[in-house]
**Student:** 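Here it is, the structure in full.
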Amino acid sequence: MLHVANEDVKKAIGDAVKPQLIDGKFTMSEGGKTFKTYNPATGKVLAEVTESTAKDVDLAVAAARRALGGEWGKFKPFDRQAVLLRLADLIDKHYDDLILLDSLDLGCPITSGGPKKQRAIALLRYYAGMAVDIHGNTIQNSQAGEIFSYTLKEPVGVVGSIIPWNGPSGMAIWKLGPALAAGCTIVLKPAEQTPLSAIRIGELCLEAGIPAGVVNIVNGPGHIVGAAMASHPGIDKISFTGSTETGQAILRAAAGNIKKVTLELGGKSPNIVFDDADLDLAARGAAMAVFPNSGQICSAGTRLFVQRGIADKFVEKVAEVGNSLKIGNPLDTGTQIGPLVSEEQLTRVMSYIESGKSQGAVAVSGGERVTTGDLAGGYFVPPTVFANVQDDMKIAREEIFGPVISSFVFDTIDEVVERANATTYGLGSGVWTTNLSTAHKVSQRLQAGSVWVNCYQAMDAAVPFGGYKMSGNGRESGRDQIQDYLETKSIWISL
Ligand code: ADP
Ligand code: MG
């Protein structure tokens, strides 16, 4: 059943070229160039977007810097809390716009909007609370009586937020919440593949009463607009989510003015199933650790380690769950798996699938692009489960960012921990067992920012998320995240 009528889609997109947001005004880049964004379910053009230039980045940064010293700088913590709560209410009220734009731009099933909406609102409300709970410490130093010291927390300043295409509105909100709570101003760049929802969020920020220049949005290719942000002397901090390769480029570019840089990068997360696990729960969990969003999730549990006694039967079960998921038009309410985001991503994922086959792995399910009926023009890849994968194969080592599980057989705890950790990444991980001791032992030994036991991908505004090793720097969500948007000042008072 089509959830959204064609007229509503037309209305949501409109005919006009999509703008940038600088200093509270929606404008076209003076460069005059535009780029197109495509619907990955059909391969057709969705909209045209103004392409910001380095000069526009300069203007956005200048506006953000003025805003720090202007009305926004005078906002009390309670005022920042109030606008964040208003923004949360507006996101609540207009979330249908955001999920429709994301569904068209990225291809995520429209039904995935329910949980995403709850997360976005909860996150903004959580950080609204944090806005009134920022404080330094009184430090009883060793020279007490002679000199007194305390610390103050101040906003870091202008933040450049660069986000990927795999969760357009969710990522934007994840960046805005802590930055605004801390009192920073922002230049946000959505991914060039999925720019539409950020512009709507920009409108809602203004409607919430966030002063002009506090939230600015620029659009365009990463190597131009993103790179101009990463190297900009007027930006104090970059918060980046995306690939490890781009994260490295940003770190290098940020060296010029020693920007603070937080990075949420790639992963190749292990998901470990012991033979004493609840196998039905684990099979569904293993499939859902990868297949939602067509596997375009940085913490997806793509390396599935299964204990030998249950391996064949279990992998078969995971494949069955994969096969049961309905692939289709993301705007259809029955759809569980939409297309990949772009033709480029399709080519990349299919080349990994081919490499798996040619290196001797066996596709127990999926493995071929879907080109039937209405789906022919889109970038659809079915849930794919590989058996007989060896640790040194390409599909065992590299992030695919598609609906592909590589499964492995293991015997002992020591062995599986060593193999699970033998990667340059360290973002997510999963453990499935009914043995409490195994659950704790393995959790403590995995080198990953999150360990999910008998669940996967649980998230909460209050719980830190982030990567070990080459999966990143810093944490998002929780009290940890806001610290990255604050400077610490130590004040000494001679008595
Ligand atoms: P992908 O390769 O899947 O597009 P990226 O990590 O390259 O993932 O993209 C994530 C975000 O980083 C996007 O907004 C993109 O425009 C931006 N980006 C890409 N290259 C650079 C770069 N060199 N400097 C800054 N941002 C970049
Ligand atoms: Mg790229």
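Counting convention: from 1, in listed order, for ligands and their atoms alike. Excluded from the calculations below are hydrogen atoms, water molecules and symmetry mates; all remaining heavy atoms, backbone and side chain alike, are included.
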**Student:** Could you tell me, atom by atom, which parts of ligand 1 come under 4.0 Å of a heavy atom of Ile250?
**Tutor:** 24 (N), 25 (C), 26 (N)
**Student:** By number and element, which atoms of ligand 1 are closer than 4.0 Å to a non-hydrogen atom of Phe240?
**Tutor:** 6 (O), 10 (C), 11 (C), 12 (O)
**Student:** Would you kindly specify which portion of Ala230 sits under 4.0 Å from ligand 1, judged on non-hydrogen atoms: side chain, backbone, both or neither?
**Tutor:** neither
**Student:** Taking the six-membered ring of Trp72 as reference, does the NZ or CZ atom of Arg66 fall below 6.0 Å from its centre and within a 45° cone about the axis?
**Tutor:** no
**Student:** Within 45 degrees of the axis of the six-membered ring of Tyr485 and under 6.0 Å from its centre: does Lys237 put its NZ or CZ there?
**Tutor:** yes
**Student:** Do any heavy atoms of Trp165 fall under 4.0 Å from ligand 1?
**Tutor:** yes
**Student:** With a 4.0 Å heavy-atom cut-off (strictly under), which part of Glu192 contacts ligand 1: side chain, backbone, both or neither?
**Tutor:** side chain
**Student:** Using a 4.0 Å heavy-atom threshold (strictly under), name the region of Val225 that reaches ligand 1: side chain, backbone, both or neither.
**Tutor:** neither
**Student:** Would Lys357 and Glu368 count as a salt bridge (Lys or Arg N to Asp or Glu O under 4.0 Å) here? Give the steps.
**Tutor:** CA-CA 11 Å; Lys357 290 177 186 168; Glu368 306 287 342; 3.1 Å; yes
**Student:** Considering residues at least two apart in sequence or located in another chain, which fulfil the salt bridge (Lys or Arg N to Asp or Glu O under 4.0 Å) criterion with Asp105?
**Tutor:** none
**Student:** Just let me know how Gln193 lines up against ligand 1, side chain, backbone, both or neither, with a heavy-atom cut-off below 4.0 Å.
**Tutor:** side chain
**Student:** Is the closest side-chain donor-acceptor distance between Ser342 and Trp165 under 3.5 Å?
**Tutor:** no
**Student:** Enter the distance from Arg125:CZ to Ile91:CD1 here, rounded to the nearest 0.5 Å.
**Tutor:** 10.5 Å
